[in-house]
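What's counted below: heavy atoms across the whole structure, side chains too, no hydrogens, waters or symmetry copies.
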Amino acid sequence: MGGPVVEMSHAEGWDFQAGAEVGPLGPQEARARDSAGLPYAVAYRAAGSAGPFEVRLVSWRDHYAGVWVYDEHGRRVEHLELRLLDEDRLLRRYTERWVYEGPEVPEFERSSDRTVLELFPGGRGSLSRRPQGDAGPMTVTVPDLAEGERWLRRPEFGSWPLFSADRSGVVGSIRCAAAPFTETGPGAAGDPWSPPRPGGPGGLIALFSPGTRITTGDHRENTVVLEPDAGPRLRVPSGRLAVDDPLGDGRPRITIEIPPGTYPLETAQIGSGYHSEFEDAWVERTDSPAVRLRVSDEPVASWTMALGEGDDLRLLRDGHAYGFDTGGATGCFADAGAWPVLQDRYRRAMADNDPDAGEDLDPDSGFFLRTVDEEASADLLAFATDGDGTHPVWVGLDASGGVACVVVQVAWLPDLKVV
């Protein structure tokens, strides 16, 4: 006697809105995609059930496997992201769970109990809990997990464990039966799923293109890119550009190789106008959302994310990016070879109010303080950001792969679009 029968279907992708396969595949087609590293989806249903209790999305070329667990009401209650970092091991990179108070509560209700577990190589990680949902208090602790609880051996095709076993009641040995399939079989219309991708620079290049009209989530339609504001010049005799919080610990978080030289700095300017109900008048304002170091006058052909020591793109969640961290809403460009001297003088200027340690600059330029290592003929130029947190650093490359510019977006512009 075998275990319970579970219907298993394969497809190119999965439509979460419709709860159905996109581009149904036969088992052998799915196996071929698995071997080739191409994206595909697997759905598990109790025999005779319309909705799945578990959906798995796999794309080995993207080092990714994702699992969604459903409850009996068709709501997603658990999301697991696995990352292939070794040839045969998967890190349980991200797990999110929701607990709904009743069957009538909609999926992902913001007031629902939510737990997030994030794991990284080297035993690092965090466990956050919000028993009362997003509006309630949150506790963050360090997860106490053994190495075997952090990693999973990469299963062979067709030999995956069911992560929903306890919830679905499908435990022990099971018998998988192929779900009914035809070449034009049931499935939602639309594109197959896309594996998670790191965040990109978005419309950064537009922020330095005068006359371009843009829209963002927090700017009204009357927004236009103005001429960038010319700032001071930065000396980088070592040929290593540092980008970090000038009050950071140790070595600079990010360094970028550029030819030794002196480079102009610029601040992006965008102008917008709107009718203020409070003032009952038309109000115009100018914002400075990004700073740029120009290495050459060559046009940018592509962008790349600047990475620091230990950064691994395979670990990033969808839309996320690495960058430098700041707890004081400050960043800087500097010569990495003279970093210890330049950083020490910045500390003295800011913390000790030493007037000889740094040079105050016009804050309207986007850069407010310069420190100098006279012996090395090197500079540090500090700029303000709109808040604490992580600020990505983007490197613009010319057609030959050389560095054309380095840009930091210092203000958040959600949903930035060129009109």
Side-chain angles (χ1 to χ4, degrees), residues 1-11 13-14 16 19 21 25-35 37-49 51-72 74-99 115-121 125 127 143-179 193 195-196 314-315 317:
M1 296 289 291
V5 175
V6 172
E7 291 186 350
M8 180 172 60
S9 62
H10 300 86
W14 181 260
F16 287 100
E21 292 84 349
L25 298 171
Q28 294 308 311
E29 291 177 293
R31 181 184 293 273
R33 293 182 72 87
D34 183 87
S35 298
L38 299 175
Y40 69 97
V42 185
Y44 296 89
R45 296 175 173 86
S49 175
F53 60 79
E54 181 170 317
V55 172
R56 184 172 67 250
L57 306 170
V58 181
S59 181
W60 296 129
R61 70 181 182 188
D62 296 289
H63 310 276
Y64 173 82
V67 177
W68 287 93
V69 176
Y70 289 75
D71 67 8
E72 65 274 20
R75 299 172 298 192
R76 284 169 282 182
V77 294
E78 183 172 350
H79 179 209
L80 175 65
E81 291 190 9
L82 302 159
R83 300 303 172 97
L84 184 65
L85 303 185
D86 300 333
E87 184 176 343
D88 62 347
R89 287 202 311 167
L90 293 160
L91 175 70
R92 297 174 183 259
R93 168 67 183 85
Y94 182 89
T95 305
E96 187 168 10
R97 296 187 178 96
W98 297 264
V99 177
T115 302
V116 174
L117 172 66
E118 297 208 52
L119 300 177
F120 300 91
L127 176 64
D144 182 18
L145 297 174
E147 191 73 359
E149 297 175 286
R150 295 172 172 268
W151 296 85
L152 172 72
R153 286 288 175 187
R154 174 179 172 175
E156 296 292 332
F157 181 83
S159 299
W160 281 76
L162 283 176
F163 296 90
S164 57
D166 291 341
R167 174 176 292 277
S168 66
V170 181
V171 296
S173 62
I174 63 172
R175 291 182 294 138
C176 285
W193 69 285
R314 298 173 300 176
L315 293 172
R317 302 196 63 233

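Remark: side-chain polar atoms of Glu21 are not paired, donor with acceptor, to backbone N or O of Ala11 under 3.5 angstrom.
The ring-ring contact (aromatic ring centres under 6.0 Å, His included) test applied to Trp160 returns no partner, not counting sequence neighbours. Remark: Arg154 engages no residue in a side-chain hydrogen bond (donor to acceptor under 3.5 Å, both in side chains) (not counting sequence neighbours). With sequence neighbours left out, Arg153 forms a side-chain hydrogen bond (donor to acceptor under 3.5 Å, both in side chains) with Asp88.
Residues Phe53 and Val6 form a side-chain contact, since some pair of their non-hydrogen atoms from C-beta on lies under 4.5 Å apart. Residues Pro52 and Trp14 have side chains in contact (heavy-atom distance under 4.5 Å, counting atoms from C-beta outward). In this structure, the side chains of Trp193 and Val55 stay at 4.5 Å or more apart for every pair of heavy atoms. Using a 4.5 Å heavy-atom threshold, the side chains of Leu145 and Leu117 count as touching. Side chains of Pro27 and Met8 form no contact here, defined as non-hydrogen atoms less than 4.5 Å apart. Side-chain contact between Ser164 and Val77 is absent, with no heavy-atom pair separated by less than 4.5 Å.
Between Ser159 and Pro155, the closest heavy-atom pair is O-CB, 3.8 Å. Heavy atoms only, all atoms of each residue included: Ser9 and Arg45 are closest at OG-NH1, 3.3 Å. The minimum heavy-atom distance linking Pro39 with Ser59 is given by the pair CG-OG, 3.6 Å. Taking every heavy atom of both residues into account, Arg33 and Leu25 meet most closely at CD-CD1, 3.4 Å.
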For this session: Give the C-alpha distance, both sets of side-chain angles, the deciding distance and a yes or no for side chain to side chain contact (heavy atoms under 4.5 Å, CB included) between Leu315 and Leu85.
Result: CA-CA 9 Å; Leu315 293 172; Leu85 303 185; 3.7 Å; yes
For this session: Could you walk me through whether Arg75 and Tyr70 pass side chain to side chain contact (heavy atoms under 4.5 Å, CB included), step by step?
Result: CA-CA 5 Å; Arg75 299 172 298 192; Tyr70 289 75; over 6 Å; no
For this session: Given side chain to side chain contact (heavy atoms under 4.5 Å, CB included), test Thr95 with Phe163 step by step and report yes or no.
Result: CA-CA 11 Å; Thr95 305; Phe163 296 90; over 6 Å; no
For this session: Go through the steps to decide whether His10 and Val42 satisfy the test side chain to side chain contact (heavy atoms under 4.5 Å, CB included), and finish with yes or no.
Result: CA-CA 5 Å; His10 300 86; Val42 185; 3.7 Å; yes
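Note on ring orientation: taking the six-membered ring where Trp is involved, the planes of Trp68 and Trp98 are parallel (angle under 30°, cut-offs 30° and 60°).
With no hydrogens or angles considered, no side-chain donor-acceptor pair links Tyr94 and Arg83 at under 3.5 Å.
For Glu147, the CD atom counts as densely surrounded, since its 6.0 Å shell holds more than 12 non-hydrogen atoms of other residues, nucleotides or ligands.
Summarising the geometry, atom CG belonging to Leu57 is positioned 10.0 Å from atom CD belonging to Glu81; distances are rounded to the nearest 0.5 Å. The CZ atom of Arg31 sits 9.0 Å away from the OH atom of Tyr40 when rounded to the nearest 0.5 Å. In this structure, Leu91 CG and Phe120 CZ are separated by 8.5 Å, a value rounded to the nearest 0.5 Å. Atom CD of residue Glu96 and atom NE2 of residue His79 lie 8.0 Å apart, to the nearest 0.5 angstrom. Atom CG of Leu38 is separated from atom CD of Glu29 by 12.0 Å, given to the nearest 0.5 angstrom. Note that CZ of Arg314 is 12.0 Å distant from CG of Asp62, once rounded to the nearest 0.5 Å.
Ion pair Arg92/Glu78 not flagged as a salt bridge, since none of the NZ, NE, NH1 or NH2 atoms sits closer than 4.0 Å to an Asp/Glu carboxylate oxygen.
Shown are Arg93, Glu149, Arg150; of these, the side chain to side chain contact (heavy atoms under 4.5 Å, CB included) with Leu119 is made only by Arg150.
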